[in-house]
Structures are given as C-alpha cells and as structure tokens.
Amino acid sequence: MKNVLLIYTGGTIGMIQNPLTGALESFDFDQLLHHVPELRQLPVSIATRTFDPPIDSSDMDPSGWAKLVRIIADNYDAFDGFVILHGTDTMAFTASALSFMLEGLAKPVILTGSQLPIGMLRTDGKENLITSIEIAAATRPDGTPRVPEVCVFFHEKLMRGNRVTKSSADEFDAFESFNYPHLATAGVEITYNDDAILTHSPSPLTPNHSPKLTPHYALDTNLIIFSLFPGIRADIVREVLSSPTLKGVIFRTFGAGNAPQKPWLVEQLAEATRAGKVIVNITQCTGGSVAMRRYETGLQLLQAGVVSGRDSTVEAALTKLMFLFGQGLPSDEVRRQMSLSLAGEITLS
Ligand code: ASP
C-alpha cells in the first residue's frame, strides 16, 4: 500500500459560508475529510498535516512556502507522494516556488484545490482531491514514482507546477499551462504523457542530477513585477528602478518582448543593470515566448542588459529570482541561471 501525505493549507476547498456575513471562511481539516468518505476506498494510506490556522491563499507568502518545504523534507522518506490542498488564487506561485526550493525532488508533490467548497453539492473539490491522491501514489512498472515533480492537478489536467497560471476566476477549468504540454489527463482513465514528465529535477546546483532531496528555505523578496503600458512615464519608472533595496524586476513587455523606443527607458534599464539589478523580460501575452532579437523594440532591451525570461510564466520567473537571490548569488550568476532550466520552467530550444 502506498503512503501519501495530505497537507492542508486552506483555500476554498475547505471553506464554509459564514451564516452572518455570507463570506467564505476556512473550516477544520477533519470536517473536510468528513465530506469525502470516498477517500477510504482508495488503496492508499493517507496521513494529514494542516496549517493552523488554515489560510486563504492570498495570505500565502515565502514563510508559508518554507513551512511546506519543511513538512515535505521532514517526511520525505516516509511517504511515496505528497498532496497539497491550497487556495487557487496563488497556487501557481506556490507551485513554482516549491519546484525550485525542493531541489533534487524525486517524488510527486501535487497541488490542488477547488472553485467550490467541498461541502457544496456541485463541488469540483472531490474529483480534484481524489485524483490528486491517485496520481501522488502512481508508479511506473519498475516501482518508481510516475510523476516525480511539483505539479498542479485541476479539472482533469495534470500540469507542471512552474508552468501554470490561474486563467479563470469562475470556471472549474481554472488553470492552464500555456507553454508546456499537460503531464496527464484524467478521463475514464488517467493517461500520462510520459515524454513531458521530468525523470528528476535537473539543476545546475547539482550537476550530476543527484536524486537526493536538498531543501532550500531562503528566498529574497527585494523584487517587483513591473508592467509596461502605452504612455508610461519616465519619472515613475525612474522612481521604481532606482529604489536602493530593489534587486530584480520582472519586466512585463509587449508581444515577443518589446518596449517603446524611448531613450530614457533604455538608459534607465541600462543604469539599473550596471547597478547590479537583474531585469527579466517576460511577455504580457499568456502564451508564447520572449524573442528580443526579433524586433528593434526588443533588441534595444537586450542591449541594455535585460535578460530574456523566454517562455516563463510570471510566477515562475518571480519565484526563480527569489530563489537565486536567496542563495546569495551575485547578479551575474543570477543572470546566468535565469537563462537555464532549473526545474523545467523554461523551454531552451
Ligand atoms: N480565495 C481562495 C484562495 O485562494 C480562492 C480559492 O481557493 O479558490 O484561498
């Protein structure tokens, strides 16, 4: 029998409506399990841990991620897989952060949640939870884990955690992996896309790709996500880029990584780069990749020292910067590693 550790952080899946205010509030984990008696039918032994108190995922932060890493690292040898119940709002950030913090991960870590609380008649939570547990316990014919990486399972789709974005606030089909194929599809059967699944977490920090788990806890949050728009002002951009504590910027550009051809913008970006700040170019489009050599409007950014985030999601690029600066690496090394795939988060070819 496989052992799965179910970690409950909070989120809609475990919420109930406050009769006085009508707002959704978290309720305790035992009640959540009470609503899914089907779990007993799974040929899996399930142990549980819970955040006390459970949180709405808007309150998730790097200390919560470190807590999750600690729980997984402390229980790594005792379990075959891990399922994290999490609010959907920041699930893509958490999945991305964990993919970097759990270096050398060789077991499944599946994040899931729901759009409707598990106690509601039309809930999507039951199916998401039950299938996630099945996937966390799944093995290949040789007994090794089927999906040894951080994933999000939602509405019949298993996706790489650092490739997902929350794409709908209302629909059950709430997540998409725009730039990477799904790892599995859950229909009548769970069909795995083995070619897309990592066999281990590749990382330049472990050049021999050791399957040994090396948990990381330190993250640096001296960062900002900064989005371009037509009419953006020089004085405001200068104010942001010259902030003395700022170490890195996720710079959200147009199309294939383009920005207006304003000398002040290029000069300010070049100046920030010279000051050791790492500026990462991520497109505002949901799908596709940054290609700074395609247009003059992108080339000027490359010449100013801006690093290509390629086809990374904002969530993955941001948490990767947090992780790399958290290692105490100098800016040049952070820039270099932003161009590498640490956990399958970018497409290199
Ligand atoms: N606000 C909730 C959360 O992210 C929404 C959800 O779980 O879907 O915790």
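Both backbone and side-chain heavy atoms feed into the values below; hydrogens, waters and symmetry mates do not. One-based numbering along the sequence shown. Counting starts at 1 for both ligands and their atoms, in listed order.
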Enquirer: What residues sit with at least one heavy atom under 4.0 Å from ligand 1?
Expert: Gly11, Thr12, Asp56, Ser57, Gly87, Thr88, Asp89, Ser114, Gln115
Enquirer: When you measure from the centre of the six-membered ring of Phe175, is the NZ or CZ of Lys157 closer than 6.0 Å and no more than 45° off the axis?
Expert: no
Enquirer: Can the positive tip of Arg70 be found less than 6.0 Å from the middle of the six-membered ring of Tyr217, inside 45° of the ring normal?
Expert: yes
Enquirer: Going by the rule side chain to side chain contact (heavy atoms under 4.5 Å, CB included), which residues pair with Thr144 if we only count those two or more places apart in sequence or in a different chain?
Expert: Arg140, Asp142
Enquirer: Sequence neighbours excluded, which residues qualify as side-chain hydrogen bond (donor to acceptor under 3.5 Å, both in side chains) partners of Ser58?
Expert: Asp56
Enquirer: Between Phe323 and His216 (judged by ring centroids, cut-off 6.0 Å), do the two rings come close enough to count as a pair?
Expert: yes
Enquirer: If the condition is salt bridge (charged side-chain N to carboxylate O under 4.0 Å, His left out), which residues does Lys107 pass it with, not counting sequence neighbours?
Expert: none
